[in-house]
Amino acid sequence: MKLRLNPYFTSASGKLDPTHDKENMCFTRNGVTYSRKLCNPRNPLVKPYSAQELQNQSLFKQAWAAVKAVLEDANAKSAAQARFRAGHGKYTTLAGFLFAEKYKELKESL
């Protein structure tokens with residue numbers, strides 16, 4: 001892990017403490033390193049998930065599974081790329097565009 005923050009604290013390197021993996025996270029996306037801290041983690045034993053939350057989690061998993069299937073199939077991927085290029089609107093990636101399509105379709109089918 002390398003960080004460059006401000007003129008007084010210019011860099012850091014090394015690993016995060018393994019006991020804090022769920023709270024402190026660093027990741028790199030498109031060449032930029034980000035860090036975040038989960039401040040108020042939820043304890044499902046104290047506050048279990050509601051039926052609506054479980055349903056949303058299920059829809060989320062189904063939508064990403066469908067996106068993965070489309071991206072692995074060459075013919076379906078080329079058709080999706082054509083739709084994405086034609087008018088994707090606010091989405092910057094093909095996967096995000098496909099996820100939005102599939103999630104909306106799943107929500108409407110309920």
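The chain is numbered in sequence order, starting from 1.
Both Val70 and Phe60 sit in one connected hydrophobic cluster of ILVMFWY residues. Membership requires side-chain heavy atoms under 4.5 Å apart, directly or through other members.
Shown here for Ala95 and Leu71, the closest heavy-atom pair between the two residues is CB-CD1, 4.2 Å.
In this structure, NZ on Lys61 lies 12.0 Å from CG on Asn56, to the nearest 0.5 angstrom. Note that OH of Tyr91 and CZ of Phe99 are 9.5 Å apart. Values are rounded to the nearest 0.5 Å. Rounded to the nearest 0.5 Å, atoms CZ (Phe84) and CG (Leu98) are 8.5 Å apart. Taking CD of Gln55 as the start and CG of Leu110 as the end, the distance is 5.0 Å to the nearest 0.5 Å.
Remark: Arg83 engages Glu101 in a salt bridge, criterion side-chain N to carboxylate O under 4.0 Å. Looking at Lys47 and Glu53, no side-chain N of the basic residue comes within less than 4.0 Å of a carboxylate O on the acidic one, giving no salt bridge.
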* Verdict with supporting geometry, Gln62 and Tyr103, side-chain contact (heavy atoms from CB on, under 4.5 Å) -> CA-CA 8 Å; Gln62 291 174 22; Tyr103 192 79; over 6 Å; no

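Side-chain N/O atoms of Glu105 and Ser109 include no donor and acceptor closer than 3.5 Å.
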